[in-house]
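These notes are about the structure you will find just below.
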Amino acid sequence: MNPQRESLEFDVVIVGAGPSGLGAAIRLRQLAAAAGQELSVCVVDKGAEVGAHILSGAVFEPRALNELIPDWRDRGAPLDTPAKEDRFLYLTGSRSLRLPTPPQMHNDGNFIISLGALCRWLGEQAAEAGVEVFPGFAVAEVLYDDAGRVRGVATGDMGIGKDGEPTHNFTPGVELLARQTIFAEGCRGSLTRALFERFDLRKGVEPQTYGIGIKELWEIDPAKSRPGLILHTVGWPLDHSTYGGSFLYHLSGNLVSVGFVVGLDYTNPHLSPFEEFQRYKTHPAIRAHLEGGRRISYGARAISEGGFQSIPKLTFPGGLLVGDAAGFLNAPKIKGSHTAMKSGMVAAEAVFEHLTGGANADEVAAYPDRLRQSWLWDELYTARNIRPAFRWGLLPGIAHAALDTYVFRGRAPWTLGHHEDHASLKPADAMPKIAYPKPDGVLTFDRLSSVYLSNTNHEENQPAHLRLKDDGVPIRVNLDRFAAPETRYCPAGVYEIVREGTEPRLQINAQNCVHCKTCDIKDPTQNIVWTVPEGGGGPNYPGM
Ligand SMILES: Cc1cc2nc3c(=O)[nH]c(=O)nc-3n(C[C@H](O)[C@H](O)[C@H](O)COP(=O)(O)OP(=O)(O)OC[C@H]3O[C@@H](n4cnc5c(N)ncnc54)[C@H](O)[C@@H]3O)c2cc1C
Ligand code: SF4
């Protein structure tokens with residue numbers, strides 16, 4: 001324990017102001033108000049403001065929001081582009097073939113939104129409901145009591161220099177103590193990882209599998225704007241053994257959200273998800289939307305794709321997991337915000353009952369029970385076999401998805417498994433090199449000018465938040481065997497091999513990190529560990 005640290009006590013502390021964390025916070029305060037009880041709730045987020053670190057597509061299914069805030073329209077929720085038309089294309093190098101839209105991708109009744117804007121609005125609703133919302137604080141540590149129960153969390157110290165010594169700006173972290181702590185960190189949370197190990201929460205479930213999603217926001221020629229149009233593609237530029245595809249959504253205000261997702265179980269270390277995305281925009285069917293427009297924002301974030309069979313044990317003494325931290329994304333739909341919000345609400349209901357019902361147990365066992373009774377569970381169960389079947393290739397994957405959807409209706413008497421993404425790379429000399437075209441600066445760009453548009457900023461004088469377990473591995477293993485894949489999968493150009501003199505070395509430009517967590521997932525020997533930098537650092541997405 002750090003004696004300098006101030007501590008604040010709450011009934012419930014929530015780490016992460018995404019749809020899951022804010023959904024939980026609002027529901028807790030609603031329940032307390034309805035019961036006439038006092039219940040203190042705090043939400044803390046590492047982004048400089050709520051929404052600053054949120055990046056999503058996003059086509060939003062309003063099911064959970066309808067349940068949480070039924071009068072969201074009157075309260076001015078930023079859901080102003082109703083979905084109008086779905087198109088699903090198979091791309092070859094120069095042509096596109098329109099395929100029937102899979103039922104999971106029908107978006108009647110949904111909205112094209114900025115999830116960051118929705119979270120900012122949810123943050124205001126939470127504050128109005130009496131939640132203490134603290135953006136700009138990165139939670140660096142889980143606190144345990146003598147019995148090993150989670151008793152809260154601590155935010156990181158601010159003002160520690162590169163050398164690990166306090167600078168004149170030093171401010172100690174704050175302990176946020178709680179009767180229950182809800183971890184809502186999103187995909188690949190750093191505290192969540194520590195909890196997995198400490199409480200063995202992943203025992204007996206399939207490994208989590210991930211994708212990296214890279215997104216740009218464009219202001220397009222008004223003559224081309226089709227608010228409500230939703231376009232998804234599979235095929236080119238990826239080969240058929242690599243899982244992935246694109247999204248392109250027309251928002252109101254002449255905006256287009258365009259992005260590309262690559263499954264992180266890809267095998268060719270020469271592949272660069274960033275360059276694949278840039279290439280994809282040059283396809284005639286895609287460039288037609290963007291030409292004459294201007295790119296205004298950029299970012300990237302990992303996605304949890306493992307689904308139902310990868311859901312860990314959700315509770316432990318003193319706390320529980322919600323949202324993408326637990327892996328509640330529906331991969332065939334590429335949607336996780338409605339399930340994240342729903343899991344937060346269900347967790348809140350179970351926690352409220354637990355704290356006000358005089359329960360003696362440290363663990364909120366009713367949470368997983370209530371989830372099993374909810375629509376979320378059935379949705380994830382019936383979607384569970386679609387993503388893993390794509391390891392057989394694109395066309396067998398599509399054929400299996402059709403069989404699973406139309407014949408078995410998601411209830412086939414088997415469940416397909418997953419593999420660890422970091423173990424999937426093959427040696428570089430056994431895989432084809434990929435020659436990516438140079439960016440033209442109009443439709444396609446390089447990494448550095450892209451990161452600039454993410455407004456990423458970190459205090460420079462702080463210890464590196466990207467830590468290597470073994471300093472020799474980047475050269476001995478990553479460079480020699482896999483041709484330094486981190487220089488290609490990192491969408492922000494953080495990792496560079498520099499050759500001064502004769503010996504190559506890995507340079508880590510940590511200040512460019514957009515917190516996507518891909519390195520933490522894909523590094524072949526799990527040698528890179530992502531930890532939280534100083535609070536407020538990282539991207540500052542305007543409306544992603
Ligand atoms: C490219 C892309 C496209 C997507 N498209 C869609 C779509 O069209 N529709 C859809 O429904 N879903 C989509 N998703 C998925 C959706 O965005 C997620 O499922 C959803 O955001 C998960 O919500 P969450 O609350 O669990 O986590 P997040 O939204 O990731 O929020 C987590 C929050 O926790 C904070 N945090 C994390 N760790 C800490 C810490 N240690 N200390 C303090 N704060 C912390 C983060 O800053 C962040 O604000 C997409 C995702 C991506 C990446
Ligand atoms: S350093 Fe890691 S977390 Fe940061 S942007 Fe690169 S891959 Fe993502």
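Counting starts at 1 for both ligands and their atoms, in listed order.
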>> List ligand 1 atoms under 4.0 Å from Phe137, heavy atoms only on the residue side.
In response: 43 (C)

> Hey, what's the ring geometry for Phe183 with Phe316, parallel, tilted or perpendicular (30° and 60° as the breaks)?
Replying inline: tilted

> Ignoring water, what protein N, O or S atoms are under 2.8 Å from atom 2 (Fe) of ligand 2?
Replying inline: Cys519 SG

>> Applying a heavy-atom cut-off of 4.0 Å, say which part of Ala184 lies close to ligand 1: side chain, backbone, both or neither.
In response: backbone

> Any side-chain donor-acceptor pair under 3.5 Å between Gln507 and Asn509?
Replying inline: yes

>> Does Glu216 form a side chain to side chain contact (heavy atoms under 4.5 Å, CB included) with Leu290? I'd like the steps, not just the answer.
In response: CA-CA 11 Å; Glu216 295 175 352; Leu290 304 175; 5.8 Å; no

> Purely on distance, is any nitrogen or oxygen of His338 under 3.5 Å from one on ligand 1?
Replying inline: no

>> Below a 4.0 angstrom heavy-atom separation, can you tell me which part of Ala340, side chain or backbone, both or neither, approaches ligand 1?
In response: side chain

> Looking at atom 20 (C) of ligand 1, what's its closest protein heavy atom, distance included?
Replying inline: Asp324 OD2, 3.9 Å

>> If the cut-off is 4.0 Å to any non-hydrogen atom of His53, which atoms of ligand 1 fall inside it?
In response: 47 (O)

>> Pair Arg387, Ser310 - check side-chain hydrogen bond (donor to acceptor under 3.5 Å, both in side chains), show working.
In response: CA-CA 12 Å; Arg387 166 64 181 95; Ser310 300; over 6 Å; no

> Which bit of Ile214 gets closer than 4.0 Å to ligand 1, counting heavy atoms only: side chain, backbone, both or neither?
Replying inline: neither

>> Taking atom OH as the centre, does Tyr452 end up with more than 12 heavy-atom neighbours from other residues, nucleotides or ligands that are less than 6.0 angstrom away?
In response: no

> Quick one: nearest non-hydrogen protein atom to atom 12 (N) of ligand 1, plus distance?
Replying inline: Gly336 N, 3.0 Å

>> Looking only at distances, can you tell me whether any N or O atom of Gly47, backbone or side chain, sits closer than 3.5 Å to an N or O atom of ligand 1?
In response: no

> Atoms of ligand 1 less than 4.0 Å from Ser20 heavy atoms?
Replying inline: 24 (P), 25 (O), 26 (O)

>> When you compare the side chains of Arg120 and Ser114, does any donor N or O come within less than 3.5 Å of an acceptor on the partner?
In response: no

> When rounded to the nearest 0.5 angstrom, what distance separates CG in Leu229 from NZ in Lys84?
Replying inline: 10.0 Å

>> Is it the case that the ring center of His232 lies less than 6.0 angstrom away from the ring center of Tyr249?
In response: yes

>> Around atom OH of Tyr266, are there more than 12 heavy atoms from other residues, nucleotides or ligands closer than 6.0 Å?
In response: yes

> Would you say Glu496 has more than 12 foreign heavy atoms packed within less than 6.0 Å of its CD?
Replying inline: yes

>> With nothing but distance in play, are any N or O atoms of Gly323 less than 3.5 Å from an N or O of ligand 1?
In response: no

>> Using a 3.5 Å cut-off on N or O atoms only, is Gly57 in polar contact with ligand 1?
In response: yes

> Which is it for Thr339 and ligand 1 at heavy atoms under 4.0 Å: side chain, backbone, both or neither?
Replying inline: neither

>> Using side chain to side chain contact (heavy atoms under 4.5 Å, CB included), reason through Arg202 and Gln208 one step at a time and then give a plain yes or no.
In response: CA-CA 9 Å; Arg202 302 209 60 87; Gln208 184 55 267; 4.0 Å; yes

> Tell me, which protein residue and heavy-atom name are nearest atom 30 (O) of ligand 1, and how many Å apart are they?
Replying inline: Arg301 NH2, 3.4 Å

> Does Pro19 have a non-hydrogen atom less than 4.0 Å from ligand 1?
Replying inline: yes

> Considering distance alone, does some N or O of Ser337 sit under 3.5 Å from an N or O of ligand 1?
Replying inline: yes

> Just which atoms of ligand 1 are under 4.0 Å from any heavy atom in Val532?
Replying inline: 41 (N)

>> Checking the N or O distance criterion of under 3.5 Å, is ligand 1 in contact with Leu115?
In response: no

> Are a donor atom and an acceptor atom from the side chains of Asn540 and Asn457 found within less than 3.5 Å of each other?
Replying inline: no

> Is the Phe60 to Trp72 ring centre distance short of 6.0 Å?
Replying inline: no

>> So if I count the atoms of ligand 1 from 1 in the order they appear, which ones are less than 4.0 Å from some heavy atom of Lys335?
In response: 9 (N), 10 (C), 11 (O), 12 (N)

> Taking atom types as modelled, is there a side-chain donor on Ser246 or Thr233 under 3.5 Å from an acceptor on the other?
Replying inline: yes

> What is the ring orientation for Phe445 with Trp218, classed by angle as parallel under 30°, tilted 30 to 60°, or perpendicular over 60°?
Replying inline: tilted

>> Only heavy atoms of Val59, strictly under 4.0 Å: list the atoms of ligand 1 that pass.
In response: 7 (C), 8 (O), 9 (N), 10 (C), 11 (O)

>> Below the 3.5 angstrom mark, is there an N/O of Glu185, backbone or side chain, next to an N/O of ligand 1?
In response: yes

>> For a quick check under 3.5 Å, do Lys517 and Ser190 share a side-chain donor-acceptor pair by atom type?
In response: no

> When you measure from atom 14 (N) of ligand 1 to every protein heavy atom, which one gives the shortest distance, and what is it?
Replying inline: Ser56 OG, 3.2 Å

>> Check the orientation of Phe277 and Tyr280. Use parallel for under 30°, tilted for 30 to 60°, and perpendicular for over 60°.
In response: parallel

> For residues Glu349 and Gln30, is any side-chain donor paired with an opposing acceptor at under 3.5 Å?
Replying inline: no

> For atom 6 (C) of ligand 1, what is the nearest protein heavy atom, given as residue, atom name and distance?
Replying inline: Ile334 O, 3.1 Å

> With Tyr436, which of Arg488, His270, Glu276 fulfils side chain to side chain donor-acceptor pair (under 3.5 Å)?
Replying inline: Glu276

>> Give the atom numbers and elements of ligand 1 that come within less than 4.0 Å of a heavy atom of Gly16.
In response: 33 (C), 34 (O), 35 (C)

>> Minimum distance, heavy atoms only, to atom 48 (C) of ligand 1: which one of Ile212, Ile303, Asp45 is it?
In response: Asp45

> Nearest to atom 43 (C) of ligand 1, what protein heavy atom do you find, and at what distance?
Replying inline: Lys46 N, 3.2 Å

> Atoms of ligand 1 less than 4.0 Å from Leu329 heavy atoms?
Replying inline: 15 (C), 19 (O)

> Among the heavy atoms of Phe328, does any lie under 4.0 Å from an atom of ligand 1?
Replying inline: no

